[in-house]
Amino acid sequence: MALITVAGIPRSTYYYWEKRLNREDKYSKVKAAIQSIYHEHKGRYGYRRITKEIKKYGFSHNPKTINRLMNEMGVYWVRSILIQSMRFF
């Protein structure tokens, strides 16, 4: 309780944040599926393709949610060299 008085926050705020930080991540299974799909396709799939692939795993999430999770995880699609070279033709 000394921490609450030093920080100058209400006791209810302290317990609210403690409960919130100890909560399980509700997207942990989806993140694992995203990671496996991403590595399976060598980073060539963006959020749209991953959203379609994830439906095969039994998850149905909005593409914006998948995009947000991918950004949080630091997973981005990689342009292949072939696509970059064909851009000039």
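Residues: numbered from 1 along the sequence shown. Note that the coordinates shown come from a computational prediction; the quantities given were computed from them, not determined experimentally.
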In residues 61-72, what donor-acceptor pairs under 3.5 Å come from side-chain atoms, sequence neighbours left out?
residue: N62; atom: OD1; partner: K64; partner atom: N; Å: 3.0
residue: R68; atom: NH1; partner: E72; partner atom: OE2; Å: 3.0
residue: N71; atom: ND2; partner: N67; partner atom: O; Å: 3.3

Under 3.5 Å, which donor-acceptor pairs do the side chains of residues 47-55 form with other protein atoms, sequence neighbours left out?
residue: T51; atom: OG1; partner: Y47; partner atom: O; Å: 2.5
residue: E53; atom: OE2; partner: K56; partner atom: NZ; Å: 3.2

Quick one: side chains of residues 22-35, donor-acceptor pairs under 3.5 Å with protein atoms, not counting sequence neighbours, listed by atom name and distance.
residue: N22; atom: ND2; partner: E18; partner atom: O; Å: 3.1
residue: D25; atom: OD1; partner: Y27; partner atom: N; Å: 3.3
residue: D25; atom: OD2; partner: K31; partner atom: NZ; Å: 3.1
residue: S28; atom: OG; partner: D25; partner atom: O; Å: 3.4

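With sequence neighbours excluded, the residues forming a side-chain contact (heavy atoms from CB on, under 4.5 Å) with T13 are P10, W17, listed by chain and number. Listed by chain and residue number, R20 satisfy the side-chain hydrogen bond (donor to acceptor under 3.5 Å, both in side chains) test with Y16 (two or more places apart in sequence, or in another chain).
The distance from atom OH of Y14 to atom CD1 of I4, rounded to the nearest 0.5 Å, is 6.5 Å.
In plain terms, the two heavy atoms of Y38 and Y76 that are nearest each other are OH-O, 2.6 Å.
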